[in-house]
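Counting starts at 1 for both ligands and their atoms, in listed order.
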Amino acid sequence: MAEKHKFPAEHAARLDNPERRRLLPPEEILQFMGLAPGDSLVDVGCGTGYFALPAARLVGETGRVYALDTSLVMLGKLREKLDAVGNPGNIQVSLSQEDALGLPDGCASFVLLAVVLHELADEASLLGEVRRVLRPGGRLGVVEWKKDDDWQPGAGPPPGERLTAEEADAVVSAAGFRLEKQWEPGPLHYCLVFLRE
Ligand SMILES: C[S@@+](CC[C@H](N)C(=O)[O-])C[C@H]1O[C@@H](n2cnc3c(N)ncnc32)[C@H](O)[C@@H]1O
């Protein structure tokens with residue numbers, strides 16, 4: 001399986017700043033995806049918790065957020081953030097494997113892959129795991145970079161590493177999901193929401 005470029009943990013600060021919040025507003029995106037109080041969300045590739053923290057507020061005390069990443073450095077930074085802002089009590093932070101989430105079957109009503117799909121070594125394998133942990137009727141939200149010809153070095157992954165929305169739809173649909181809706185939250189990204197079939 002081809003190695004994919006992973007977001008470098010030493011650039012973690014780039015994942016949370018005012019400019020990113022303007023271009024990729026996490027609360028609005030989670031609301032668009034339909035995340036609601038009581039949901040159990042698995043945030044695969046949570047990084048420093050850019051989506052996991054607002055998601056924990058959204059799902060509330062009757063919900064749960066499983067914040068997973070393959071990088072211990074990223075998880076360490078998320079734990080530091082939780083110590084600083086106070087753990088809302090409904091976030092479980094865990095190390096996952098490239099193709100194994102380490103969670104029980106059907107434990108989630110929602111899975112998020114935010115700027116992660118293009119980094120997966122084997123999309124079909126990880127998406128099989130996503131389908132396994134999602135209960136029937138659950139939803140998968142995907143956020144990705146648009147494939148932009150005007151790319152400049154430093155402005156996200158190069159076009160050759162990106163997926164168009166159509167390519168992402170094809171990969172995810174082939175794993176047993178159906179595209180429900182899509183949205184462009186800003187000029188650089190798209191969001192897709194899938195139903196687990
Ligand atoms: C570009 S960062 C995005 C982080 C976060 N979702 C956000 O939007 O701020 C991608 C993250 O996915 C993680 N990652 C890559 N492949 C993964 C996999 N197979 N399973 C879990 N995490 C993965 C990386 O370690 C990194 O933290």
ask   = Tell me, which protein residue and heavy-atom name are nearest atom 15 (C) of ligand 1, and how many Å apart are they?
value = E119 OE1, 3.2 Å
ask   = Do any N or O atoms from the side chain of E144 and from the backbone of A168 form a donor-acceptor pair under 3.5 angstrom?
value = no
message = As an exercise, identify every atom of ligand 1 less than 4.0 angstrom from a heavy atom of K6.
response = 15 (C), 16 (N), 17 (C)
request  = For residues A55 and L35, report the shortest heavy-atom separation together with the two atoms involved.
outcome  = CB-CD2, 3.8 Å
key: Contact atoms of ligand 1, heavy-atom distance to V116 under 4.0 Å   = 12 (O)
ask   = At a 4.0 Å threshold, what atoms of ligand 1 neighbour a non-hydrogen atom of F51?
value = 8 (O)
ask   = Looking at S71, which atoms of ligand 1 are within less than 4.0 Å of one of its heavy atoms?
value = 25 (O)
request  = Please write down residue, atom name and distance for the protein heavy atom closest to atom 3 (C) of ligand 1.
outcome  = A114 O, 3.6 Å
ask   = Hey, is CD on E197 packed in by over 12 heavy atoms from elsewhere, all under 6.0 Å?
value = yes
request  = Identify the heavy atoms of Q31 and L58 that sit nearest to each other, and give their distance.
outcome  = CG-CD1, 4.2 Å
request  = Starting from atom 2 (S) of ligand 1, find the nearest protein heavy-atom neighbour and note its residue, name and distance.
outcome  = F7 CB, 3.9 Å
task = Could you check atom 18 (C) of ligand 1 against the protein and tell me its nearest heavy-atom contact, residue, atom and distance included?
result = T70 CG2, 3.6 Å
ask   = Considering G45, A121, G49, G47, which one's heavy-atom position lies nearest to atom 6 (N) of ligand 1?
value = G45
message = Taking K77 first and then E80, would you say they form a salt bridge - that is, a charged N and a carboxylate O separated by under 4.0 Å?
response = no
ask   = Nearest non-hydrogen atom to atom 24 (C) of ligand 1 belongs to which of T48, L24, D69?
value = D69
query = Salt bridge between K6 and E98, side-chain N to carboxylate O under 4.0 Å?
reply = yes
ask   = Looking at S96, which atoms of ligand 1 are within less than 4.0 Å of one of its heavy atoms?
value = 21 (C)
request  = For ligand 1, find out whether one of its N or O atoms is nearer than 3.5 Å to an N or O atom of V44.
outcome  = no
query = Which distance, rounded to the nearest 0.5 Å, do you find between the CG of L112 and the SG of C191?
reply = 9.0 Å
key: Closest heavy-atom pair and its distance - A12, T48   = CB-CG2, 3.9 Å
query = Does a side-chain N-to-carboxylate-O contact under 4.0 Å join D16 and K81?
reply = yes
note = Atoms of ligand 1 under 4.0 Å from any heavy atom of Y50, numbered from 1 in the order shown, are 9 (O)
key: Contacting atoms of ligand 1, where contact means under 4.0 angstrom from a heavy atom of R20   = 7 (C), 8 (O), 9 (O)
query = Is it true that a side-chain atom of R135 and a backbone atom of C107 form a donor plus acceptor pair closer than 3.5 Å?
reply = yes
key: Numbering as shown, the atoms of ligand 1 that approach M74 to under 4.0 Å (heavy-atom distance)   = 27 (O)
